Amino acid sequence: MPPYDAVAEYKAKTQKSAKWFEFAKEYLPGGVTGNVKFYAPYPIYANKAKGSHIWDLDGNEYIDYMLCFGPMILGHGHPKVHEAIIKQLETDGTAIFGAPHEMEAKMAQRLEKIFPCAEYVRFTNSGLEATLHSLRIARGYKKKNRIAKFEGHYHGCYDEALVSLTPSEEVAGPEAAPQAVACSMGTSEYTLQSTQVLPFNDIHDTIRLLKAHKNDLAAVIMEPVQRGFIEGEPEFLKAVRETTTELDIVLIFDEVMSGFRMDKLGGAQTMVGITPDLMCLGKIIGGGFPCGAFLGREDIMDVVNPVTRGKENRVFHGGTFNGHPTILAAGMATIDVLEQPETYPYLMRITDRFQDGLNDLFQRLGFNAKGMGPGSTFNVLFGKDGQNLDDVRDYRHTLKADETARKKFDFGLLARGLHFHPDKPFYTCTEHTDEDIDNTLVVAEEVLKKMKSAM
Ligand SMILES: Cc1ncc(COP(=O)(O)O)c(C=O)c1O
């Protein structure tokens with residue numbers, strides 16, 4: 001039996017995307033506007049979306065589980081979000097005033113009700129900016145320069161956030177004391193020196209490293225759910241909280257991904273009952289438009305306050321488009337729907353059907369593979385050489401997974417009408433139906449059987 005060539009199936013169905021890729025490459029490096037949007041041989045180029053479905057240039061229809069890497073939790077073109085945008089534009093008579101306006105404080109008040117740590121809020125235009133500003137205000141507040149982050153955690157594409165994002169095992173250093181590794185050219189030596197890398201879900205070594213560097217650390221930033229699918233273990237998160245409090249280091253939860261994607265409102269901090277000093281949001285709060293926010297303790301956030309502080313003891317935070325009224329209206333409408341009592345239970349039921357359905361298939365068809373992750377995001381790993389996937393609890397474990405099997409699975413699904421980014425998590429939305437899930441599982445079974453028969 002020849003090996004199963006899922007990429008050939010994908011290519012056969014996406015000729016127009018292939019052609020557009022050739023055109024786009026002439027003008028955009030790699031034919032894309034962000035590295036993560038590319039995957040070899042070329043990505044699907046989209047041209048229409050509605051509800052839980054998306055179409056490509058070839059006219060192929062897909063059930064969309066990428067949802068723009070998470071933000072479209074109500075699906076594409078939700079009527080309530082649409083209506084809110086139009087109404088806001090018509091009422092305001094413009095896209096944006098520049099002057100402060102009512103939506104900003106209204107949305108801030110709303111977020112403060114949802115997230116336990118939020119006493120003050122500032123808006124940004126992306127998740128990246130939210131984490132960048134939260135780190136800077138922590139530095140300003142503590143008057144210290146170094147920060148700590150966890151290996152494999154993503155906080156946006158700027159210097160210290162990219163440190164040790166995806167290091168290979170050869171350069172990553174000992175598991176208990178990871179090295180600061182540049183994962184982008186252009187990272188300065190200073191950035192590497194000012195970033196302390198920590199091992200996720202490892203209580204002993206994280207505490208040891210925090211204690212060893214306590215005098216120069218302003219903040220610890222972390223994804224409470226790594227890349228949306230590896231949960232911070234409750235006792236680990238508790239230990240990090242207690243240690244940062246004891247050592248007087250600002251604890252920042254980056255909830256850009258997890259903020260609205262747990263099994264209820266309130267983010268991972270609500271789920272585990274641990275309150276960070278600061279948090280970051282993005283993705284869903286803009287209802288599909290660029291938006292982010294950093295939120296947290298009043299005394300820390302106050303370092304940006306132009307009323308209480310002069311230029312000499314203030315942290316600068318700005319942005320022409322911050323708190324964009326049309327975008328906040330889209331975010332408000334999204335939260336309106338999320339707050340309806342039936343929304344999260346429905347989203348969780350659909351996600352569980354999908355994730356459990358895949359896990360049943362893996363078991364029934366004899367694959368060492370697993371769908372894992374809390375809330376409405378999960379990832380799929382294929383284990384290599386008898387790897388026990390129940391043990392996956394940090395970045396180093398994910399390095400051991402079988403990328404070749406996952407690639408076959410991904411392209412087999414893409415070629416059969418499921419859209420998501422290869423090798424990345426799956427996201428669900430309120431518009432996914434039971435029929436979508438039934439069709440998805442039929443397709444997954446077909447692909448897995450093809451993979452099996454070619455083994
Ligand atoms: C946890 C986390 N933080 C920060 C970011 C950066 O957000 P943005 O892409 O809006 O800049 C992302 C994006 O995927 C993320 O998942």
Side-chain angles (χ1 to χ4, degrees), residues 32-39 65-73 115 117 122-136 138 147-166 183-184 195 198 200 219-232 237 251-262 267-269 271 276 278-296 317 319 321-324 327-328 330-331 334 373-379 394-395 398 420-427:
V32 289
T33 56
N35 286 15
V36 82
K37 298 195 178 181
F38 175 78
Y39 48 89
Y65 293 111
M66 183 203 272
L67 299 167
C68 187
F69 300 95
M72 311 311 288
I73 196 167
F115 296 100
C117 80
R122 277 283 177 99
F123 293 104
T124 64
N125 304 294
S126 64
L128 172 170
E129 284 175 54
T131 65
L132 181 149
H133 286 293
S134 70
L135 287 171
R136 187 190 291 146
I147 61 113
K149 77 170 292 266
F150 286 88
E151 191 174 61
H153 287 211
Y154 184 61
H155 305 294
C157 55
Y158 56 96
D159 294 5
E160 62 260 63
L162 290 173
V163 171
S164 294
L165 174 63
T166 52
C183 289
S184 168
T195 310
L198 302 170
F200 193 52
V220 174
I221 188 166
M222 70 194 305
E223 288 188 87
V225 182
Q226 180 180 322
R227 302 291 55 243
F229 70 98
I230 304 179
E231 292 178 67
L237 295 176
L251 177 61
I252 306 171
F253 272 12
D254 175 354
E255 297 229 42
V256 169
M257 186 92 121
S258 57
F260 293 95
R261 283 209 170 266
M262 295 295 105
Q269 61 195 271
M271 194 178 74
L278 298 175
M279 70 173 293
C280 306
L281 287 172
K283 299 200 188 261
I284 288 166
I285 50 162
F289 292 89
C291 193
F294 54 100
L295 318 80
H317 165 241
F321 292 107
N322 288 354
H324 194 295
I327 295 178
L328 292 185
T334 303
S376 56
T377 313
F378 69 92
N379 207 357
D394 63 15
Y395 170 74
T398 64
F420 57 99
H421 193 294
D423 205 34
K424 294 268 185 282
F426 295 77
Y427 303 90

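Read the numbers this way: they start at 1 and go in the same order the structure lists the ligands and their atoms. Quick note: residue numbers are just sequence positions, from 1. As the structure is a prediction and not an experimental result, all values here were calculated from the model.
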Q.
Starting from atom 3 (N) of ligand 1, what is the nearest protein heavy atom, named by residue and atom, and what distance separates them?
A. Asp254 OD2, 2.6 Å
(Q) With the threshold set at under 4.0 angstrom, would you say Phe69 reaches ligand 1 through any of its heavy atoms? (A) no
(Q) Looking only at distances, can you tell me whether any N or O atom of Gly127, backbone or side chain, sits closer than 3.5 Å to an N or O atom of ligand 1? (A) yes
Q: Distance to 0.1 Å, residue and atom name: give those for the protein heavy atom nearest to atom 11 (O) of ligand 1.
A: Leu128 N, 2.9 Å
Q: Taking atom 9 (O) of ligand 1 as the reference point, report whether a protein heavy atom occurs under 4.0 Å from it.
A: no
Q | Proximity of Phe200 and Phe150 rings by center, below 6.0 Å | A | yes
Q) For Phe229, which residues count as a ring pair (Phe, Tyr, Trp, His ring centres under 6.0 Å) partner, sequence neighbours excluded? A) none
Q | Shortest heavy-atom approach to atom 16 (O) of ligand 1 - which of Glu223, Arg227, Lys424 | A | Arg227
Q: Classify the angle between the aromatic ring planes of His324 and Phe321 as parallel (below 30°), tilted (30 to 60°) or perpendicular (above 60°).
A: parallel
**Q.** Shortest non-hydrogen contact between Gly228 and Pro374, atoms and distance
**A.** O-CD, 3.9 Å
Q. Are any of the N or O atoms of His155 closer than 3.5 Å to those of ligand 1?
A. no
Q: Can you measure from OH (Tyr154) to OG1 (Thr166) and round to the nearest 0.5 angstrom?
A: 10.5 Å
Q) In ligand 1, which numbered atoms sit nearer than 4.0 Å to a non-hydrogen atom of Ser126? A) 10 (O), 11 (O)
Q. In terms of residue, atom name and distance, what is the protein heavy atom nearest to atom 5 (C) of ligand 1?
A. Val256 CG1, 3.8 Å
(Q) Can you report which non-hydrogen protein atom sits closest to atom 14 (O) of ligand 1, along with the distance? (A) Lys283 NZ, 2.9 Å
Q | Point-to-point distance, once rounded to the nearest 0.5 Å, from CD1 of Ile147 to NE2 of His155 | A | 7.5 Å
Q) Relative to the ring of His317, is the ring of Phe294 parallel (under 30°), tilted (30 to 60°) or perpendicular (over 60°)? A) perpendicular
